[in-house]
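See structure below.
Both backbone and side-chain heavy atoms feed into the values below; hydrogens, waters and symmetry mates do not. Just so you know, ligand 1 is whichever comes first in the structure, and atom 1 is the first atom listed for that ligand. The structure presented is a predicted model; accordingly, all values stated were derived computationally and were not measured.
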Amino acid sequence: MNVFDPQRFKLPPAEAGEDDVWVPSSCALCYGTCSILAHRVDGVVVKIEGNPESAVGKGRLCGKGVSGIMTHYDPNRLRYPLRRTNHKKGLHEDPGWKRIGWDEALGEITAVLRKVRADDPRKLVVQRTTTVTSSRVPLHAFATAFGTPNFSVSGGGQHCGNGAHLISGIMHASWSVVPDFEYCNYAIYFGASKGHAAGHASCSNMGKAADARVRGMKMVVVDPLCNFAAAKATEWVPLRVGTDAALALGMCNVMVNELGIYDGPYLQAKTNAPYLIGPDQLYVRDTQSHAPLVWDLRTRSARPYTDVAAADMALEGRFTVNGTPCFPAFHRLREHLQKFTPEWAEKISSVSAATIRRLAREFATEARIGSTIVVEGVTLPYRPVAAIAFRGAQGHRNSVYNFLAVDLLNHLVGAADVVGSCLGFNPTCQGHPDTGKVRYIPSAGPDGLMVTGSWMGYHYPYQPQEPRLPQNLGLQDLFVIGMTSPFLDSTDREDMWKKFEVPYRPEVMVNFGANLVMSIANRDAVAASLEKYKFIVSFDLFLNETSNFADIVLPDCDYLQSFDSRSNFPFIFSLPGGLGEWCWPIKQPALPPDGEQRPHADVLLEIADRVGFGADLNAAYNAWLDLQPPYRLAGGTRYTYEQICDAELQNNFGSQHGLDWFKQHGLIKWKKKPEEVYWRPFVDVRVPIYWEFLRPIGDKIAAIAEPRGCKIPPEYYQPLPDFLPCRSHCCDKPGFDFYGFYYRDIVHTNSFTMENPWLDEVARLDPFSYTIAINAGEARKRKFADGQPVWVESETGRRVRGRLKFTEGIHPEGLGFAAMCGHWSDGMPVAKGKGVFYNDLLELDWEHVSPTNINLDLCVKVRVMPAESVS
Ligand code: SF4
């Protein structure tokens, strides 16, 4: 039986004048998931506006959001299942697509999946795009139920996630960080654009950031490029690409060792700063309880941290415990920072020592250490400064330390999740007032360190698992700090799998919307990986460069045609931080499927049923959505995705708030409490300014990896952050003068939106969207002309072609590429041939990933050559 019933999507009669409605739903042109109202007239969506009722977007949409109509009605949208007739796969092979029926497509997919599941379910790779965040539950549940640990997100995950999410999780119990725009007076951004371009809670944050600037918030943007955030900032500080840690550590040193400004009571009560560290770099522990010891200033003795009042814990001094000399972690940090003089940091980052000293002084002074403020009747710590980082700072080989060094600025002055400070967005929710559901609060884990209350990554950020010989293709069982992994597609994947005795190889891929040929690294590496799969089925809206490697392509419904009980997962993913409202919007169809399009979540349910693991999929949904009786899905029952959405909504918000209620209202919301937003004083957890757990993890990884020929550089596993150079910093080839990097373009979402004609038009009018930004002075020195066609060549000989665009707003050594352009698929004719494909310059192997969190290094040392000089 085919469980998909197109009648469910039947619209009201479309007689002229009878159908004129605004359908509340959610945008999915990027993972910001802003709430929308789709205006449908006589069966046609004629306009999309922001939903002012929602906290997600607050009635605003970006240019992509309002252009969604053009993606939906694009005549190049897929409408029928397709099967390739050319069995040879390659970048330049024509798949020879042939239209087939759903029964035939599903029959073939079922046969393949049955076989591989019976053989070894781990041979299935489930891959998805990060753009449609709500897809996470159906795809993850499918993978879990099938029995494969090989679940991957495409470039979005590997480029922006591993460091930012890891450190935000460990230090703020959150997926990412933002300034508390309502109260912050001084924000410093390192390679981030929160509130000024794309990203989490994008449109809500744009409003909040604008209001903050009007209020007088000073904003300093540290970035090689003066673009969306820097252009609106009080000050732009251009730095050498990938050197954020050097600048941040220089500032930390000035604050602690030159100015002597830090928040002692915060460090005592909320971090592991007082924990005693022995000569082995590890905690000195109580012999009985095994708890880390602190030095009790009142009794003048070492005691477990649990037994001493925070105010009595020593932060500095040399102590002897059972004959072992030891120092508080803060003492170690303070000593460690001394080597990062502003003069040293200037040499690395190119930011002058005087500027570093000034920024450190401004940040430390503006923090107003010791002050409090009353918010809605609650007296709270007030630290109106925030240092935030995101993709630009963390997308490097030194990903972990780059981000950690920036966040240390916050923790040194106590500016973490209190009023005005750096906020994790929404890590503490006390639940809906009627049901208490969607409640999560961070808790104290091993050694009193914080464990997040809610998480969406591959594993919780703390406490890391024990490294072991990997059973998964991404090797995260071994590299336990990493979340998403490059090893599914890297050029050395076979070598790595052999080294680590991975006992199987990938054979089948279920892909949801990811264009990984473009979104990870160079096309040859990823193509070589995809060619090896015996079978790929891909849910797509268009035939893109990756769907051309598929055996069967299934035409998906887009966001204007599908249900989801949440606009993303978890619901806080794109909810703005700070005071305001909790808000849970849904996604619902404003339009029916066109042709034979079907929503992927329903197709996955049908495939599971046909293959024979429908009951497992129901169980996986129960676990993923935390469904409790009477809303738990029954093992033997066939459900539609709409029914599952209904179950989740009733489970969370009561039987009166099922899908029918949400279809009408679009969202449910309730007020945030100050104790939820500014949760740090109310939750008894500590965070590590000294990552004691890191070196033992590194040692265990080395014990497994090094006998197998994989050297683990110990400097990446030290408890205190350092500046460690990228490959690009080590390149001294003559003529390779520039650091290539890419940045998010506000009018495009990764490689996805170039096919949209309105966005393409805007991008063509923008001087930078489809060009290569170069410092005007440096370009003229080399006799380049503005607009000149050039080749950009990496030190490994990879080349991309584009046109230069001169600007004063880029670091002299930087070469900036917008978005992820340069499509070549005939299935995306509007996008084809536009812009520059920066990722094609990136190497994809162990040498170019962080040895700590296996994050891909995204900067490349390049030379620029006139196009006519290269044959
Ligand atoms: S920010 Fe993203 S989710 Fe919001 S309107 Fe723009 S594209 Fe849509």
Heavy-atom proximity to atom 2 (Fe) of ligand 1, best of Ser26, Ser204, Ser67, Cys30: Cys30
Say whether Asn855 and Asn853, considering side chains only, have a donor N or O and an acceptor N or O under 3.5 Å apart. no
Cation-pi, Tyr742 ring and Arg391 (6.0 angstrom, 45 degrees): yes
So, 2.8 Å as the limit: is an N/O/S atom of Cys27 located closer than that to atom 8 (Fe) of ligand 1? yes
Determine whether the side chain, the backbone, both or neither of Thr749 has a heavy atom under 4.0 Å from any heavy atom of ligand 1. neither
Identity and separation of the nearest protein heavy atom to atom 4 (Fe) of ligand 1: Cys34 SG, 2.3 Å
Between Arg213 and Asp211, does any side-chain N to carboxylate O distance fall below 4.0 Å? no
Which of the atoms of ligand 1 are close to Lys64, meaning less than 4.0 Å from one of its heavy atoms? 7 (S)
Does a side-chain N-to-carboxylate-O contact under 4.0 Å join Arg523 and Glu545? no
Among all protein heavy atoms, pick the one closest to atom 6 (Fe) of ligand 1 and tell me residue, atom and distance. Cys62 SG, 2.2 Å
Below 4.0 angstrom, N of the basic side chain to O of the carboxylate: do Asp594 and Arg77 qualify? no
With heavy atoms of Gly32 as the reference, note each atom of ligand 1 found under 4.0 Å away. 3 (S)
Ring centres under 6.0 angstrom apart (Trp661, Phe653): no
